[in-house]
Structure formats: structure tokens, C-alpha cells
Amino acid sequence: MARPLTLYYSPFTRASRGLWMLEELDEPYALRLIDIHKGEQRNPAYLAINPAGKVPTLRDGEHIIRDSAAICAYLADRFPGAGLAPATDAPERASYLTWLFYAASNVEPAVMVQANKWPAPSIQTSWGSYETVIETLAGAVRGGPYLLGKQFTAADVVLGSMVRFCLANKLLPARPELGAYVARLEARPALQRTIKIEAEYAAHLKA
């Protein structure tokens with residue numbers, strides 16, 4: 001019997017990546033809404049599974065995964081039949097892992113430093129410079145349709161969600177390569193379902 005998947009979730013947060021990933025898998029799952037505006041992430045019951053008091057958290061039976069990129073990586077390997085990750089011995093695995101973690105290790109800090117004008121000498125940063133990140137992203141998606149070419153993977157969920165968020169909030173320039181990539185992602189039925197679910201949960205929280 002399959003272990004139940006439960007995503008502890010709040011709309012329009014990094015938990016959106018886990019939701020999108022679950023929709024791509026087409027596996028049964030449950031959403032547990034955490035109202036971060038009411039401080040539910042600091043309830044003792046939630047802190048017991050995520051001591052940082054952050055979303056998302058994924059429960060798979062007795063297994064707990066707390067980071068959004070880790071959740072996507074875990075689910076891709078947990079359900080290999082979905083084809084959302086190259087096999088561990090496939091030549092594409094190296095590029096897949098690189099892009100899977102590029103969002104958190106490079107894109108997010110680069111745009112935060114740029115937006116807040118924090119001093120960050122390029123020799124001390126993993127991303128080099130904001131301009132380097134932009135050129136790297138544009139080059140990665142220029143060939144398309146996805147980061148690994150024709151194969152859509154969990155790396156597109158993680159990095160694609162970051163690019164989509166940054167473009168919507170003008171944290172990245174409106175480069176045609178990036179806009180076209182996001183448009184391809186938004187054409188996917190799983191992301192369309194995710195957008196609808198997010199809107200419904202956000203409306204519920206406001207009610």
C-alpha cells in the first residue's frame with residue numbers, strides 16, 4: 001500500500017513548488033493549509049515536524065522533507081515512472097542536479113542582493129554577479145523547451161517557479177528567452193491546475 005503524501009502548504013510561498021510537483025506527478029496527495037499570517041507555522045505541532053517554522057514540509061509516511069527543492073528532488077526519485085528526473089546513471093543527471101539547485105544557491109540570493117543593494121563582492125558569492133545570473137538563465141532556456149531540452153523535469157519546477165516569480169515581480173529583466181520559457185511552463189496543465197488551486201486557497205484565507 002502506497003504511503004500517503006501530505007504537503008504542509010501556504011499559497012504563494014515556496015510551498016507552491018511542492019504543489020506544482022505533486023500535480024505533475026498525478027499521485028494522490030493531501031494539502032494541509034498552514035496560515036502563516038496567523039502564525040500557524042509556529043504552533044508546537046508544526047514545529048515538531050519543521051523546527052524552522054517554515055513551509056513547505058512534505059510527509060511521506062514516516063519520512064519528512066522540509067526544503068522546497070529537496071521535496072521536488074525527493075518526489076522525482078520516489079516516483080521515477082513520472083519521468084521527472086534522469087536516472088542516476090544517465091548523462092543528463094549532472095545538468096539536472098545543477099539546475100535543480102541553481103535557484104536557491106544562485107538566483108534567489110542574487111536577486112535579493114540586487115533588490116536590496118547589499119554589498120556582496122563577486123569573489124565571495126556563489127553566483128558571481130546579478131548580470132552573470134541573468135546571462136546564465138537566458139542561455140539555459142534559450143534552446144528549450146526545457147532546461148534539459150525536450151524532457152521536463154523537477155529542475156524546471158524549481159528553477160522555473162523562481163524565474164516566473166522574479167519576472168512577475170520585476171526582479172529579473174524581461175528578457176525574451178525568459179518570458180518564452182515561462183510561457184511554455186504556464187501552458188502545462190499541471191501548472192494551470194496549481195495556479196487555480198493557489199487562487200482558491202488564497203481566497204479561503206481571505207474569507
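- For the atom pair OG1 (Thr194) and CG (Leu19), the distance works out to 4.5 Å, reported to the nearest 0.5 Å.
- Pairs passing the side-chain hydrogen bond (donor to acceptor under 3.5 Å, both in side chains) check and including a residue from residues 159-175, sequence neighbours excluded, read Arg17-Ser161, Glu135-Arg175, Arg164-Glu186, Arg175-Glu177.
- For the pair Arg59 and Pro4, the minimum side-chain heavy-atom distance is 4.5 Å or more.
- Note on Ile36: it clusters hydrophobically with Tyr8, by side-chain heavy-atom contacts below 4.5 Å among ILVMFWY residues.
- Looking at every heavy atom in both residues, Pro11 comes nearest to Leu33 through CD-CD1, 3.8 Å.
- The minimum heavy-atom distance between Leu185 and Leu191, with the atom names listed, is O-CD2, 3.4 Å.
- The minimum heavy-atom distance between Leu7 and Gly18, with the atom names listed, is CD2-C, 3.7 Å.
- For Ala190, the side chain to side chain contact (heavy atoms under 4.5 Å, CB included) partners two or more places apart in sequence, or in a different chain, are Trp20, Glu23, Glu24, Arg193.
- For Tyr201, the ring-ring contact (aromatic ring centres under 6.0 Å, His included) criterion is met by Tyr9, not counting sequence neighbours.
- Note on Val157 and Ile195: same hydrophobic cluster, where clusters join Ile, Leu, Val, Met, Phe, Trp and Tyr whose side-chain heavy atoms are under 4.5 Å apart, directly or indirectly.
- With rounding to the nearest 0.5 Å, the separation of CE in Met162 from CG in Leu172 is 9.0 Å.
- The side-chain hydrogen bond (donor to acceptor under 3.5 Å, both in side chains) analysis of residues 148-160, with sequence neighbours excluded, yields the pairs Asp156-Tyr181.
- In this structure, the side chains of Leu31 and Ile197 come closer than 4.5 Å at one or more pairs of heavy atoms.
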Which pairs of donor and acceptor atoms, one on a side chain in residues 114-124, lie under 3.5 Å apart (sequence neighbours left out)?
residue: Asn116; atom: ND2; partner: Met112; partner atom: O; Å: 2.9

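- By the 4.5 Å heavy-atom criterion applied to side chains, Arg14 and Glu108 are counted as neighbours.
- Among pairs with a residue in residues 86-107, those fulfilling side-chain hydrogen bond (donor to acceptor under 3.5 Å, both in side chains) read Asp77-Arg93, at least two apart in sequence or across chains.
- Residues passing the ring-ring contact (aromatic ring centres under 6.0 Å, His included) test with Tyr146, sequence neighbours excluded: Phe152.
- Note on Leu178: it does not cluster hydrophobically with Leu148, by side-chain heavy-atom contacts below 4.5 Å among ILVMFWY residues.
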For this session: Go through Val107 and Leu137 one step at a time and tell me if the side-chain contact (heavy atoms from CB on, under 4.5 Å) criterion holds.
Result: CA-CA 9 Å; Val107 181; Leu137 287 173; 4.1 Å; yes
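- Counting only heavy atoms from C-beta outward, the side chains of Ile71 and Met21 never approach each other to under 4.5 Å.
- The heavy-atom pair separating Trp127 from Pro109 by the smallest distance is CZ3-CB, 3.3 Å.
- Summarising the hydrophobic clusters (Ile, Leu, Val, Met, Phe, Trp, Tyr; side-chain heavy atoms under 4.5 Å, direct or chained), the residues clustered with Leu47 are none.
- With values rounded to the nearest 0.5 angstrom, Ile34 atom CD1 is found 10.5 Å from Thr13 atom OG1.
- Sorted by first and then second residue, the side-chain hydrogen bond (donor to acceptor under 3.5 Å, both in side chains) pairs involving residues 32-49 (not counting sequence neighbours) are Tyr46-Thr57.
- A side-chain donor-acceptor contact under 3.5 Å links Asp67 to the backbone of Ala70.
- Looking at Thr6 and Tyr29, their side chains never come closer than 4.5 Å, going by heavy atoms from C-beta outward.
- Between Leu58 and Leu75, some side-chain heavy-atom pair lies under the 4.5 Å cut-off.
- Annotation for Leu167 and Val182: closest pair CD1-CG2, 3.8 Å, computed over non-hydrogen atoms.
- Shortest non-hydrogen contact noted between Ile134 and Pro173 is CD1-CD, 3.5 Å.
- Residues Leu100 and Leu159 form no side-chain contact, since every pair of their non-hydrogen atoms from C-beta on lies 4.5 Å or further apart.
- Among residues two or more places apart in sequence or in another chain, the side chain to side chain donor-acceptor pair (under 3.5 Å) test is passed with Thr132 by Ser129.
- Partners of Glu27 by side chain to side chain contact (heavy atoms under 4.5 Å, CB included), not counting sequence neighbours, listed by chain and number: Leu5, Leu25, Phe79.
- Listed by chain and residue number, nothing satisfies the side chain to side chain contact (heavy atoms under 4.5 Å, CB included) test with Ala187 (two or more places apart in sequence, or in another chain).
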